[in-house]
Amino acid sequence: MRIKCLLIASLLAAVLIDSASAQDKKKTADFISAMKQARIIELNFVWDRNSPLLGLNPPFSIGLHTSHAQTKGIIPGGIAFAADMMFFSGQHGSPNVDALGHISDNMKLFGGADAAASEGATGLLTLGIEAYPKERFVNRAVLLDVARFKNVDALAPGQEITAEDLEATAKAEGVDIKPGDSVIIRTGYGKYFEADRAKYTGPRPGPGESAARWLAGKKIFLVGDDQMSFEVVSDKGTVFPCHRILIADNGIYIVENLNLEELSRALADQKVYEFVLVLNPPRIRGATGAAANAFAILP
């Protein structure tokens, strides 16, 4: 009798395991199917040696270190290869994300670390881009389409986006910004990244100090927009208050040079301004930032 009971229990356990396994497989299959049916919108521009670059940052260059012509015949079987060499900065890329160690406030990094003691010849010793949390590679995001809210293709050069502008845009879109969100702001200036690079690098619209404080008060994870310095730059220049407030004082990542035109149209069509943002900078120890591959996932 005891043996019979044990056999029945074993069979029942096997059935339950098979059932659980089948449920897991179905759940996985449904998830993959949903992802394959989702709409993917790329948020990148193509970066090259002629891409617009902030004058404060080092230059970018790329060249072939080794060519197919040079490697022909080195490996039996007809294969040849090419290999490039790049001079690349953490502030290069379209988009690029600033590490939290990129900016200090009165020589203090976010969290209070001494900025001078936190850097060395090989890069940042703390808060480099390798500290970007993997849990945020995929994140809830909100687009605050300020240009569309103001009914213009692009904001004017040097036009400041205020806290009131962000509040009004969010209200008009019906979006709720939650702690930990990624907030993306569209100025419309991304259209000039390739079409008019002189204009793109000149005075540009963007968030001002009040907007930065408003964003920090929301306790968000990341903020980005579609121009090269994130914050407003007038013809008199800027002292980068948004970078100081957001990065150094509040530990909020900043993303620049996002391509938001297709996303703007898609979200306006469906009248829903939240989406899944996928943004994943490489793990480069000590880097002050990095180019990132970014895209939006929509139903």
Side-chain angles (χ1 to χ4, degrees), residues 40-103 118-132 134 137 189-204 222 224-231 233 237-238 240 243 247 253-262 278-295:
I40 306 298
I41 298 180
E42 186 179 8
L43 305 179
N44 311 314
F45 293 106
V46 175
W47 182 265
D48 61 30
R49 62 194 308 156
N50 297 313
S51 291
L53 185 62
L54 197 64
L56 293 171
N57 293 324
F60 168 78
S61 66
I62 182 172
L64 282 184
H65 174 268
T66 309
S67 69
H68 288 275
Q70 291 171 323
T71 59
K72 178 183 177 182
I74 292 178
I75 303 173
I79 190 171
F81 64 91
D84 65 73
M85 179 178 288
M86 288 185 283
F87 185 85
F88 211 90
S89 164
Q91 278 58 64
H92 294 159
S94 49
N96 71 284
V97 54
D98 290 336
L100 296 185
H102 174 51
I103 298 292
S118 302
E119 58 194 9
T122 58
L124 298 175
L125 304 179
T126 186
L127 297 180
I129 199 61
E130 76 278 6
Y132 189 96
K134 66 180 185 298
F137 284 175
Y189 240 58
K191 63 192 286 187
Y192 303 123
F193 182 88
E194 294 175 336
D196 190 343
R197 288 179 173 172
K199 186 166 187 174
Y200 192 80
T201 57
R204 45 201 174 271
L222 173 151
D225 68 14
D226 53 353
Q227 51 103 316
M228 64 190 297
S229 59
F230 173 73
E231 54 193 286
V233 177
T238 182
F240 298 97
H243 278 67
I247 295 178
Y253 286 89
I254 287 180
V255 182
E256 297 150 340
N257 291 323
L258 282 160
N259 182 354
L260 302 177
E261 295 307 290
E262 183 182 356
V278 181
L279 191 148
N280 50 340
R283 298 292 199 205
I284 302 175
R285 190 179 303 280
T288 59
N293 181 47
F295 55 94

Results of side-chain contact (heavy atoms from CB on, under 4.5 Å) for I62 - residues two or more places apart only =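 Scan of I62 (side-chain contact (heavy atoms from CB on, under 4.5 Å), adjacent residues dropped) gives F60, D84, M86.
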key: M228/F193 under side-chain contact (heavy atoms from CB on, under 4.5 Å): CA gap, chis, key distance, verdict   = CA-CA 9 Å; M228 64 190 297; F193 182 88; over 6 Å; no
message = Does L54 have more than 12 heavy atoms from other residues, nucleotides or ligands lying within 6.0 Å of its CG?
response = yes
In the structure I gave you, are the side-chain heavy atoms of [X] and [Y] within less than 4.5 Å of one another anywhere?
{"X": "L222", "Y": "Y132", "answer": "yes"}
{"X": "D226", "Y": "E261", "answer": "yes"}
{"X": "Y189", "Y": "K199", "answer": "yes"}
{"X": "L279", "Y": "V255", "answer": "yes"}
{"X": "I254", "Y": "H243", "answer": "yes"}
{"X": "N50", "Y": "R197", "answer": "yes"}
{"X": "F230", "Y": "D98", "answer": "no"}

query = Between the side chain of N44 and the main-chain N/O of A294, is any donor-acceptor distance below 3.5 Å?
reply = yes
Sidechain-backbone polar pair: R49 side chain, S61 backbone, donor-acceptor under 3.5 Å =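 No, because the side chain of R49 does not come within donor-acceptor range (under 3.5 Å) of the backbone of S61.
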Within residues 69-78 or reaching into it, pairs that qualify as side-chain hydrogen bond (donor to acceptor under 3.5 Å, both in side chains) - sequence neighbours excluded =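 Applying side-chain hydrogen bond (donor to acceptor under 3.5 Å, both in side chains) to every pair that reaches into residues 69-78, excluding sequence neighbours, yields S67-Q70.
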query = Who pairs with H92 by side-chain hydrogen bond (donor to acceptor under 3.5 Å, both in side chains), at least two apart in sequence or on another chain?
reply =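 Result, side-chain hydrogen bond (donor to acceptor under 3.5 Å, both in side chains) vs H92: none returned.
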inquiry  = Ignoring hydrogens, what is the shortest heavy-atom contact between P95 and L43? Give both atom names and the distance.
reply    =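 Minimum heavy-atom contact is CD-O, 3.8 Å.
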key: Qualifying residue for side-chain hydrogen bond (donor to acceptor under 3.5 Å, both in side chains) with Q91, from T288, N57, N257   =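 Single side-chain hydrogen bond (donor to acceptor under 3.5 Å, both in side chains) partner of Q91 among T288, N57, N257: T288.
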